[in-house]
Amino acid sequence: MDCLFCKISSGEIKSDAVYEDAEVVVFKDIHPKAPVHLLVVPKEHIQSIAHLEVNHNDIISKLIYTAKNTAANLKLNGYKLVFNVGREGGQVIDHLHLHLLGGWGNAKESLNI
Ligand code: AMP
Ligand code: ZN
């Protein structure tokens, strides 16, 4: 399948990954909109929140739990978690991803990322 985030999560296309396990990968957004802007991405191809089925409940909670752990590891003082859904909702990549945005209140030198 010709999907950029499938290729990134399989390693076919390089990314700036900060975390990876069997189910998810977390990498830096190429056009950051915050001092820290990461994308938490399931390795399974799911198009968007609008395409969720009941069997995806585990992976959705995994995305949020991974975002929380990543933010804690980076010592972010606070952060936003955002799903853009569909073109009208600002989604341009049709592979589910959770934006983790933060770092506004952190001292720049503390953001070791
Ligand atoms: P969305 O608008 O929710 O679909 O977000 C897609 C995000 O992917 C945008 O913030 C882009 O900057 C980001 N993006 C696009 N291509 C890449 C890439 N090759 N590596 C990392 N981030 C990317
Ligand atoms: Zn995909």
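For this chain, numbers begin at 1 and follow the sequence in order. Numbering of ligands and ligand atoms starts at 1, following listing order.
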Problem - Phe5 to ligand 1, any heavy atom closer than 4.0 Å - result: yes

Exercise for the section: Please confirm whether Gly90 comes under 4.0 Å of ligand 1, counting heavy atoms of the residue only. Expected result: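 In this structure, Gly90 qualifies as a contact of ligand 1 - some heavy atom is under 4.0 Å.
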
Problem - Around the Zn ion (ligand 2), number of protein N/O/S atoms which are nearer than 2.8 Å - result: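 N, O or S atoms of the protein closer than 2.8 Å: 4.
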
Exercise for the section: Record the part of Asp16 in heavy-atom contact with ligand 1 below 4.0 Å; permitted values are side chain, backbone, both and neither. Expected result: neither

Handout entry: Part of Lys28 with heavy atoms under 4.0 Å of ligand 1, whether side chain, backbone, both or neither
Key = backbone

Handout entry: Closest approach of Phe83 to His97 (non-hydrogen atoms, all atoms of both residues)
Key =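 What the structure gives for the nearest pair is CD2-O, 3.4 Å.
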
Exercise for the section: Fit a plane to each ring of His37 and His99, take the angle between them on a 0 to 90° scale, and name the class: parallel (under 30°), tilted (30 to 60°) or perpendicular (over 60°). Expected result: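 Geometry flag for His99 against His37: tilted rings.
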
Check whether [X] and [Y] end up in the same hydrophobic cluster, where Ile, Leu, Val, Met, Phe, Trp and Tyr are linked by side-chain heavy atoms less than 4.5 Å apart.
X     : Y      : answer
Val36 : Trp104 : no
Tyr19 : Leu101 : no
Leu63 : Ile8   : no
Leu4  : Leu98  : no
Tyr79 : Val18  : yes

Exercise for the section: Look at the side chain of Lys43 and the backbone N and O of Asp21, then say whether any donor-acceptor pair between them is shorter than 3.5 Å. Expected result: yes

Problem - Donor-acceptor pair, side chain of Gln91 and main chain of Ile93, under 3.5 angstrom - result: yes

Please say whether [X] places an N or O atom under 3.5 Å from an N or O atom belonging to ligand 1.
X     : result
His37 : no
Val92 : yes
Ile30 : yes

Contact atoms of ligand 1, heavy-atom distance to [X] under 4.0 Å:
X     : value
Asn84 : 1 (P), 2 (O), 3 (O)
Lys33 : 10 (O), 12 (O)
Phe27 : 21 (C)

Practice task
To the nearest 0.5 angstrom, please state how far the CD1 atom of Ile64 sits from the CD1 atom of Ile59.
Solution key: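 Between atom CD1 of Ile64 and atom CD1 of Ile59 there are 11.0 Å.
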
Practice task
Assess whether atom NZ of Lys14 is packed by more than 12 heavy atoms of other residues, nucleotides or ligands within 6.0 Å.
Solution key: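 Open.
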
Which protein non-hydrogen atom lies closest to [atom], naming both residue and atom, and how far is it?
atom                    : result
atom 5 (O) of ligand 1  : His97 NE2, 3.0 Å
atom 10 (O) of ligand 1 : Asp29 OD2, 2.5 Å
atom 16 (N) of ligand 1 : Leu4 CD2, 3.5 Å

Problem - side-chain hydrogen bond (donor to acceptor under 3.5 Å, both in side chains), paired with His95, selected from His45, Lys7, Glu44, Gln47 - result: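 The passing option is His45.
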
